[in-house]
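Reading through the structure tokens given below for one structure.
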There are 2 protein chains.
Amino acid sequence: MADIKSSANPLFLREEELRQGIELLFYAYRDFTSDPDSILADYGLGRAHHRVLHFVGRNPKISVAELLGILRITKQSLSRVLTTLLEMGLVQQRQGTRDRRQRLLSLTEKGAELERRLSAVQQARVARAYREAGAEAVAGYRKVLQGLIDEHEREKILQSIVRR
Amino acid sequence: MADIKSSANPLFLREEELRQGIELLFYAYRDFTSDPDSILADYGLGRAHHRVLHFVGRNPKISVAELLGILRITKQSLSRVLTTLLEMGLVQQRQGTRDRRQRLLSLTEKGAELERRLSAVQQARVARAYREAGAEAVAGYRKVLQGLIDEHEREKILQSIVRR
DNA sequence: ACTTTATGTCAGCCATGTTGACATATATCG
DNA sequence: CGATATATGTCAACATGGCTGACATAAAGT
């Protein structure tokens, strides 16, 4: 059924559609990030630790500078969570061989284990959404999310997601 | 443009693909939320204020309890930002007529103006992503995001997004 | 040798979330 | 009517995780 507004006032509908896209993203992200919290609480950790575990897990031997670039936080902020993770034996540092100033970060076996537990609950949610929506919708989801990423960084980020 | 491989076969729920879906959501949300910050800074406001402006704007005469339910924060947390917004004349309260205990919230004209400025930059980003991805991708994006929302709340949330 | 880079650390501040306790006005129920 | 439940507000204390600024060290690069 054609809505009279779509021909009479296309701008209104366009804005309405955009607002819906914005709110959907808000709610989806809100619920998506809530999953791992109870697991983290068992360890006395927060979302900041989760993000570090995730990206170190995905990028073994990542340098501190690279990690800072991904997380978009200051080294002082990272320091707090990273120190905790190192002390808990979840992350390990090794001096870079090519550049010995670098402290390359990797998960320990214990860290990898926790990371898998955290991923598992998030993956379960995404898997369910993918399954319900179907492969074609998944392709659209990815296409739009890619377009939401800052243009001047998009290429680099997409490569970091796909490589390995 | 780097292409994230999407397979059409029924094994598309591979862990690697799920991980990509998770990271894309992280990056997209990170950049998506970064847009309004500079505008808010001009007013000495933060993201918490933005969320209130957004949802009050979308739900005029919303009760405090309803707003708390959407934001999933405590009334004490809301109190801080709401008090600021009231003092700045961006939000107004009016006693409910049906239930006079309620303080129904709406944007003032000044608040609506700021809200439009904030929406504008986010809408621009979403509009660009939609345009680049195409209508079919947008449908998939929405379908997957809906699936990511907590199941027991999904219906209620979708109605609140679509109605009006 | 000098400069730049990668990293660490100390100190303090701010925004925004939490819990717990208690107050008030109004609605609703027996 | 009186008792209880509900919607909201407020005070106080605390936690997390951002931020800036200043300064230190080791190693790399010129």
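Just so we're on the same page: letters track the sequence lines, and every chain starts at 1.
- Residues passing the salt bridge (charged side-chain N to carboxylate O under 4.0 Å, His left out) test with B:Arg47 are B:Asp37, sequence neighbours excluded.
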**Message:** Could you walk me through whether B:Ile22 and A:Gln123 satisfy the side chain to side chain contact (heavy atoms under 4.5 Å, CB included) test, starting with their C-alpha distance in whole Å, then the side-chain angles of each, then the deciding distance to 0.1 Å, before giving a yes or no?
**Reply:** CA-CA 8 Å; B:Ile22 287 170; A:Gln123 284 179 26; 3.7 Å; yes
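- Under the side-chain hydrogen bond (donor to acceptor under 3.5 Å, both in side chains) criterion, A:Arg51 pairs with no residue, sequence neighbours left out.
- Between A:Gln76 atom CD and D:dG18 atom P there is a gap of 12 Å when expressed in whole angstrom units.
- Listed in residue order, the members of residues 40-56 of chain A having a heavy atom less than 4.0 Å from DNA chain D are A:Gly46, A:Arg47, A:Ala48, A:His49, A:Arg51.
- Rotation axes derived from the C1' atoms of the five outermost pairs at either end of the helix from C:dA1-D:dT30 to C:dG30-D:dC1 lie 30° apart, to the nearest 10°.
- No side-chain heavy atom of B:Asp31 sits less than 4.5 Å from a side-chain heavy atom of A:Leu148.
- Along DNA chain D, the nucleotide nearest B:Arg80 and the nucleotide nearest B:Ala65 are compared for position; the residue whose nucleotide lies closer to the 5' end is B:Ala65.
- In terms of the side-chain contact (heavy atoms from CB on, under 4.5 Å) criterion, residue partners of B:Ala127 (sequence neighbours excluded) are, by chain and number, A:Arg14, A:Leu18, B:Arg131.
- Counting only residues at least two apart or in different chains, side chain to side chain donor-acceptor pair (under 3.5 Å) contacts with residues 90-106 of chain B comprise B:Asp99-B:Arg101.
- The shortest non-hydrogen separation linking B:Tyr43 to B:Arg117 is OH-NH1, 3.3 Å.
- Heavy-atom distances to DNA chain C give each of B:Val81 and B:Lys75 a nearest nucleotide, and the one nearer the 5′ end belongs to B:Val81.
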Review item, side-chain donor-acceptor pairs of residues 136-147 of chain B, under 3.5 Å, at least two apart:
unit_1, atom_1, unit_2, atom_2, d
B:Tyr141, OH, A:Gly21, O, 3.1
B:Arg142, NH1, A:Gln20, OE1, 3.2
B:Arg142, NH2, A:Gln20, OE1, 2.9

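- Applying the ring pair (Phe, Tyr, Trp, His ring centres under 6.0 Å) test to residues at least two apart or on different chains, the pairs with a partner in residues 54-73 of chain A are A:Phe55-B:Phe26, A:Phe55-B:Tyr27.
- With salt bridges taken as basic N to acidic carboxylate O contacts below 4.0 Å, none links A:Asp150 and A:Lys156.
- A:Val56 is connected to A:Leu68 through a chain of hydrophobic side-chain contacts under 4.5 Å among Ile, Leu, Val, Met, Phe, Trp and Tyr, so both are in one cluster.
- Residues from residues 82-108 of chain B lying near DNA chain D, meaning a heavy-atom separation below 4.0 Å, are B:Gln93, B:Arg101, B:Gln102, B:Arg103 in numerical order.
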Side-chain donor-acceptor distances from residues 79-91 of chain A under 3.5 Å, at least two apart:
unit_1, atom_1, unit_2, atom_2, d
A:Thr83, OG1, A:Ser79, O, 2.7
A:Thr84, OG1, A:Arg80, O, 3.1

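- Judged as a salt bridge (charged side-chain N to carboxylate O under 4.0 Å, His left out), and not counting sequence neighbours, the contacts of B:Arg19 are A:Glu115, B:Glu15.
- Protein chain B contacts DNA chain C from C:dT16 to C:dA27, reading 5' to 3' and using non-hydrogen atoms of the protein with a distance under 4.0 Å.
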